[in-house]
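Accompanying notes for the structure given below.
Heavy-atom basis, side chains included; hydrogens, waters and symmetry copies ignored. Proteins get letters first, then strands, A, B, ... in listed order; numbering begins at 1 in each.
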There are 2 protein chains.
Amino acid sequence: MTEEIELSMDCKAEAVLEILAGKWKRVILEQLFSNGTMRFSELRRAIPDITKKMLTSQLRELEYHDIVSRQVHLDVPPKVEYSVTEYAHRLIPLLEGLNRWGTEHIEHLKEIYGEEYAAKSPARPRRPDRAATGE
Amino acid sequence: MTEEIELSMDCKAEAVLEILAGKWKRVILEQLFSNGTMRFSELRRAIPDITKKMLTSQLRELEYHDIVSRQVHLDVPPKVEYSVTEYAHRLIPLLEGLNRWGTEHIEHLKEIYGEEYAAKSPARPRRPDRAATGE
DNA sequence: CCGTATCCAAGTCGATACTG
DNA sequence: CAGTATCGACTTGGATACGG
């Protein structure tokens, strides 16, 4: 029977998911949180597989959400520095919770499927139907 | 200067994001958490805009992650019931945190951009560059 | 009733070339 | 140095139509 949990999530969670969802957002935040202010080129070096286009767009989205701030220095050569905002620090507990849960969840999946579980949920999971002749 | 936060997120968060990321996953969980066991058709009625295909696929992914369980009753007419697993309850604090953060974040965005902020971050945010003549 | 198959539109991400 | 523009591959979500 139900446990009447009443989570009442009006799906405000979407707003946060949007911040964290991009493929590179979390790595970028990791860099900025642990290294402080970084230049565009430093970020590129720290995250070798990211393209300039991706780095730019993800940074712009984070900037829009007031998570990172962008300082443009008008000199030659051009120099743009990024850092996390004060506001971004409120994200930390959530990020930690997410990472803790993620780590445990991977273990949980291993217990269920063995070491060779697929990270991405398969289209047709191989779990057998549990049948019951209820009604 | 840096505050040496050392979040060390090896991006295990991805595993959780995958659970929560689908367009309908959170609404489905909301339903199952507050109503307990529900039939496929009940879920469809509770979430009018979802298609059968989407409902099926999202439920299968949640099932793969051991978040919902699927009970098939082999009688006529067919009857399939879904409910959240024991394991799923561990998600609740995270979900609550996500929702609380989301709610506050929407307020934060309103303070910055006014009531008419765009939910989705625009490609080119209209925030002016903050220039500094450093170097 | 509870799905699957097929097709299609939209969005995401990467590679590459060009610019202030 | 720090981007923007353009294109294409791949993925996601939606609209049907059909099957057990």
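- Remark: C1' of C:dG3 and CD of B:E42 are 17 Å apart, rounded to the nearest angstrom.
- Note that CD1 of B:I67 and OH of B:Y87 are 6.0 Å apart. Values are rounded to the nearest 0.5 Å.
- B:Y82 has a side-chain polar atom (N or O) that falls below the 4.0 Å cut-off from OP1 or OP2 of C:dG3.
- Note: CD1 (A:I50) to C1' (C:dT16) measures 17 Å, nearest angstrom.
- A:Q31 is listed as a side-chain neighbour of A:I47, based on a closest heavy-atom distance under 4.5 Å.
- Counting non-hydrogen atoms under 4.0 angstrom, A:K23 reaches the backbone sugars and phosphates but no base.
- Atoms CZ (B:R26) and P (D:dG13) sit 11 Å apart, rounded to a whole Å.
- For the OP1/OP2 pair of D:dA2 and a distance below 4.0 Å, the side-chain nitrogens and oxygens of A:R39 include at least one atom meeting the criterion.
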Return the polar atom pairs (N/O with N/O) between nucleotides 5-11 of chain C and the protein under 3.5 Å, or none.
unit_1	atom_1	unit_2	atom_2	d
C:dT6	O4	B:K53	NZ	3.4

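- A straight line from CD of A:Q58 to P of C:dC13 spans 6 Å, rounded to a whole angstrom.
- Neither OP1 nor OP2 of C:dC2 sits under 4.0 Å from any side-chain N or O of B:T56.
- The shortest distance between the side-chain N/O atoms of B:R45 and the OP1/OP2 oxygens of C:dC1 is not below 4.0 Å.
- Remark: B:W24 is not in phosphate contact with D:dT12, judged by side-chain N or O atoms under 4.0 Å from OP1 or OP2.
- Checking A:A21 against B:V80, the closest nucleotide of DNA chain C that is more toward the 5' end is the one next to B:V80.
- Between C:dC1, C:dG20, D:dG3, one nucleotide has an atom nearer to the side chain of A:F40 than all others, and that is D:dG3.
- Residues A:F33 and A:H89 place their aromatic rings such that the two centres sit under 6.0 Å apart.
- Across all non-hydrogen atoms, the minimal contact from A:A15 to B:I106 is CB-CG1, 4.1 Å.
- What separates NZ of B:K52 from C1' of D:dG13 is a distance of 16 Å, to the nearest Å.
- Aromatic pair B:H108/B:Y113: centroids not less than 6.0 angstrom apart.
- Residue B:R60 places at least one side-chain N or O under 4.0 Å from the OP1 or OP2 atom of C:dT4.
- Between the P atom of C:dC13 and the CE atom of A:M54 lies a distance of 6 Å, rounded to the nearest Å.
- Between A:L55 atom CG and D:dG3 atom C1' there is a gap of 10 Å when expressed in whole angstrom units.
- In this structure, CZ of B:R70 is placed 12 Å from C1' of C:dC1, rounded to the nearest angstrom.
- Using a 4.5 Å heavy-atom cutoff, the side chains of B:I19 and B:K25 are not in contact.
- With respect to B:E107 and B:K110, a salt bridge is recorded, a charged nitrogen being found less than 4.0 Å from a carboxylate O.
- Here D:dA15 is the nucleotide among C:dG20, D:dA15, C:dG14 with the atom lying nearest to any side-chain atom of B:T51.
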